[in-house]
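Shown next, in structure tokens, is the structure this report addresses.
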Amino acid sequence: MTSPPPDSPSPYDEPPRPREWVDRLPPTLKPLTEPVFRMLWLAWLAANMTMWMNDVAAAWLMTQLTDSVVMVALVSAASTLPVFLLGLPSGALADIVDRRRWFASTQLWVASVAVLLALLSLSGGLSAPLLLALTFVNGIGLAMRWPVFAAIVPDIVSRERLSGALALQALAMNLSRVFGPVVAGALLAAAGSAAVFVVNALLSLVAFAQILRWRTQPRTSALPGERFVGAMRVGLQHVRQSPRMKIVLLRVFLFFLQSSAITALMPLVARRLGGGAGSFTLLVSSMGVGAIIAALTVPSLRDHVSRDRIVAIGTVVISAMAAVVAWAPSIWLAAAAVVVTGIAWISTANTLTVSAQLTLPNWVRARGMSIYQMALMGGAAAGSALWGQVAGWTDVPTALLAAALVGPLLALLTRRLRLDAHQDEDVRPVPAVPVPEPAIALDPHEGPVMVTIEYLIEPAQADAFHEVMQETRRARLRQGALSWGLFRDTAVPGRYIEYFLDESWVEHQRRLERFTAADVDLRARRAAFHRSSEFPTVQRYVAEPLDGR
């Protein structure tokens, strides 16, 4: 018997390893091979199913409870406005408490509201104002839930799979955008809005049970937890000192301000074209179909098209589709335009979300993403109210045409605010810098603490040093410092003193725990200017309380 050549395949070779099978998957689907992400993604899918079912049932029920165009448009505003109002407190809590418990608590809130809506609907106790109020209360649960899930995703997937995971997060929302309205529409046609609210309550409880299955490793730190108000201050300060985040926030607010016209007026478009609940369901589902198509292709598209170009194209396409919907003579043409709208909508929104996620380190991610969501939902709520009011003054087609004209104008006005103007920083955490043991007894909350650092540089390098110190100022303030300054010595050319204040001794230690790989690189760039062979001298001072006499 002749042995096969050494390099020839054997019939007894092992099948491809799971890792090789994973590598052949599209980038968008790879995160689903990770068990924790898959479990939480299914919970997110169920949670969003309940959200869309509730919104569809509430929007359609409102058209039966009142003839007011403004009240119908305010249903969308009522579900999004709480995110604008409560996003930052929710993000702060998600950063300073156990994220699993907070995620479960937010879903329990949504489930409780769903149960209440089901009971009131079954008993016939819903009125237009009460429905609007409960939609707002349900929106509070969504405001609390979104930041924590946004912060969880980068924790449970690798950086390389983050774009795919975020696309899947959007895909879950848009799968629910398709199937939620379909289920809601079928139930509306067969059994009425009460049946939708009952099924919604059951699904909410299922999602809550799924979240409880998640087991996390507690975040370890020898320091006491952050205080709630201080955590919000630091979150706002971090975003304010981040040039890219400020651009992202403005772009997402303006995008949703303009694009919300189609979604807010969709029930009225369905009624204008002579349709009932089925036509409304078709339009909402068409939006979801387009979003699903985009969610599966956006990660690959981003390898070939810049983020700024995707946002600009998405804005113009949505404007064009708003005009098509305004002039559409039939529900089918309107539905086709809404499919294209969904493609442009999720492509743009996902691109802006990825830009925000890659900018934020883990310790402040929930707060940063809550501010991002505030901008997004604030734009959507303002747009819903604006275009609803325009439709009330004129008519639905005129409002859609006005939104179509605003889109290209906004794209033109913001063309210089480029997402790609700032490189992605490495925001991975690094081991905390050890703080020398103080020689005096200190209470952890004693402060403020002043830190001074002495640099000796070549005077000819002053301009380059100033540029690095400008970056340093933003970095110190992003980490939570109260104030920062740079002074030069009048007697010794090239001698500079950097100072910054931390709120207390424990906040000083906490700020050092927030160092990222980008901060380490910046520290090395500062030290490269120092003429001494030793590291720049660091001194720490704590405020001395005086009795005022």
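In this chain, numbering begins with 1 at the start of the sequence shown.
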Next item on the list: Apply side-chain contact (heavy atoms from CB on, under 4.5 Å) to Leu108 and Phe103, showing your working.
Entry: CA-CA 9 Å; Leu108 182 60; Phe103 193 20; over 6 Å; no
Item checked: Closest approach of Ala481 to Asp502 (non-hydrogen atoms, all atoms of both residues) -> CA-OD1, 3.7 Å
Notebook entry, point to check: Hey, does Leu442 have a side-chain heavy atom less than 4.5 Å from the side chain of Ile440?
Noted result: yes
Next item on the list: Sort and list the pairs that fulfil salt bridge (Lys or Arg N to Asp or Glu O under 4.0 Å) and have at least one residue in residues 343-357, not counting sequence neighbours.
Entry: none
Next item on the list: Quick one: pull up NZ in Lys246 and CG in Leu249 and give me the separation to the nearest 0.5 Å.
Entry: 10.0 Å
Notebook entry, point to check: Side chains of Arg233 and Glu503: does their closest heavy-atom pair fall under 4.5 Å?
Noted result: yes
Check: Of the non-hydrogen atoms in Leu417 and Asp308, which two are nearest, and what is the gap between them?
Finding: O-OD1, 3.9 Å
Notebook entry, point to check: Can you name the closest pair of heavy atoms from Ser260 and Ser384 and give their distance?
Noted result: OG-N, 3.5 Å
Margin query: Considering only residues two or more places apart or on different chains, which pairs with a residue in residues 536-545 satisfy salt bridge (Lys or Arg N to Asp or Glu O under 4.0 Å)?
Written below: none
Next item on the list: Any chance you could measure Phe500, atom CZ, to Leu482, atom CG, to the nearest 0.5 Å?
Entry: 11.5 Å
Next item on the list: Please lay out, stage by stage, how Val451 and Gln539 fare under the test side-chain contact (heavy atoms from CB on, under 4.5 Å).
Entry: CA-CA 6 Å; Val451 181; Gln539 300 286 349; over 6 Å; no
Notebook entry, point to check: Considering only heavy atoms from C-beta outward, does the side chain of Leu522 approach that of Val468 to under 4.5 Å?
Noted result: yes
Check: Hey, what do you get for CZ (Arg307) to CZ (Arg251), rounding to the nearest 0.5 Å?
Finding: 12.5 Å
Check: Given side chains that start at C-beta, do those of Arg418 and Ile247 come closer than 4.5 Å, heavy atoms only?
Finding: no
Notebook entry, point to check: Do Thr348 side-chain atoms and Trp345 backbone N/O form a donor-acceptor pair below 3.5 Å?
Noted result: no
Margin query: Do Glu467 and Asp463 make a side-chain contact, defined as non-hydrogen atoms from C-beta onward lying under 4.5 Å apart?
Written below: no
Item checked: Which residues share a side chain to side chain contact (heavy atoms under 4.5 Å, CB included) with Pro408, sequence neighbours left out -> Ser319
Note to self: Assess, by modelled atom type and distance only, whether the side chains of Ser242 and Arg474 contain a donor and an acceptor separated by less than 3.5 Å.
What the structure shows: no
Checklist line | Shortest non-hydrogen contact from Ala517 toward Val430 | finding: N-CG1, 3.6 Å
Next item on the list: Check step by step if side-chain contact (heavy atoms from CB on, under 4.5 Å) holds for Leu486 and Ile497.
Entry: CA-CA 6 Å; Leu486 183 67; Ile497 299 294; over 6 Å; no
Next item on the list: Report yes if some heavy atom in the side chain of Trp387 is under 4.5 Å from a heavy atom in the side chain of Val406; otherwise report no.
Entry: yes
Check: Who pairs with Thr353 by side-chain hydrogen bond (donor to acceptor under 3.5 Å, both in side chains), at least two apart in sequence or on another chain?
Finding: Tyr372
Check: Would one find more than 12 heavy atoms of other residues, nucleotides or ligands at under 6.0 Å from atom CH2 of Trp102?
Finding: yes
Checklist line | Any donor-acceptor N/O pair, Arg416 side chain to Leu412 backbone, under 3.5 Å | finding: no
Next item on the list: Say whether, by atom type as modelled, one donor and one acceptor occur between the side chain of Trp109 and the main chain of Asn138 under 3.5 angstrom.
Entry: no
Check: Side chains of Gln389 and Leu386: closer than 4.5 Å at any heavy-atom pair?
Finding: no
Notebook entry, point to check: Looking at CG of Leu254 and CG of Leu410, how far apart are the two atoms once the value is rounded to the nearest 0.5 Å?
Noted result: 5.5 Å
Item checked: Those residues that, when tested against Phe487, pass side chain to side chain contact (heavy atoms under 4.5 Å, CB included) (two or more places apart) -> Tyr499
Check: If only atom types and distance count, is the side chain of Ser347 paired as donor or acceptor with the main-chain N or O of Ala344 below 3.5 Å?
Finding: no
Check: Are Ile457 and Tyr496 close enough that some pair of their side-chain heavy atoms sits under 4.5 Å apart?
Finding: yes
Item checked: Verdict with reasoning, Val449 to Tyr541, per side-chain contact (heavy atoms from CB on, under 4.5 Å) -> CA-CA 6 Å; Val449 173; Tyr541 306 88; over 6 Å; no
Note to self: Within this structure, what is the CZ-CZ distance for the pair Arg473 and Arg478, rounded to the nearest 0.5 Å?
What the structure shows: 10.5 Å
Checklist line | His530 side chain to Leu456 backbone, donor-acceptor under 3.5 Å | finding: yes
Notebook entry, point to check: Of all residues at least two apart in sequence or in a different chain, which pass the salt bridge (Lys or Arg N to Asp or Glu O under 4.0 Å) check with Arg309?
Noted result: none
Note to self: Taking side chain to side chain contact (heavy atoms under 4.5 Å, CB included) as the definition, give me every residue that meets it alongside Ser504, ordered by chain and number, with sequence neighbours left out.
What the structure shows: Val506, Glu507
Next item on the list: Go through the structure and list residues passing salt bridge (Lys or Arg N to Asp or Glu O under 4.0 Å) with Asp519, not counting sequence neighbours.
Entry: none
Item checked: Test salt bridge (Lys or Arg N to Asp or Glu O under 4.0 Å) applied to Glu458 - qualifying residues, sequence neighbours left out -> none
Note to self: Under the rule for salt bridge (Lys or Arg N to Asp or Glu O under 4.0 Å), what residues qualify as partners of Glu446, not counting sequence neighbours?
What the structure shows: none
Notebook entry, point to check: Can you list every salt bridge (Lys or Arg N to Asp or Glu O under 4.0 Å) pair that touches residues 487-501, not counting sequence neighbours?
Noted result: Glu454-Arg495, Arg476-Glu498, Asp489-Arg495
Checklist line | side chain to side chain contact (heavy atoms under 4.5 Å, CB included) partners of Leu401, counting only residues at least two apart | finding: Ala323, Ala326, Trp327
Check: When rounded to the nearest 0.5 angstrom, what is the spacing between CZ in Arg526 and CD1 in Ile453?
Finding: 6.0 Å
Check: What do you reckon, are the aromatic ring centroids of Phe529 and Phe465 less than 6.0 Å apart?
Finding: yes
Margin query: Looking at every heavy atom in both Phe253 and Ala375, which two are closest together, and how far apart are they?
Written below: CD1-O, 3.4 Å
Checklist line | Contact summary for Val137 and Val113, nearest pair of heavy atoms | finding: CG1-CG2, 3.7 Å
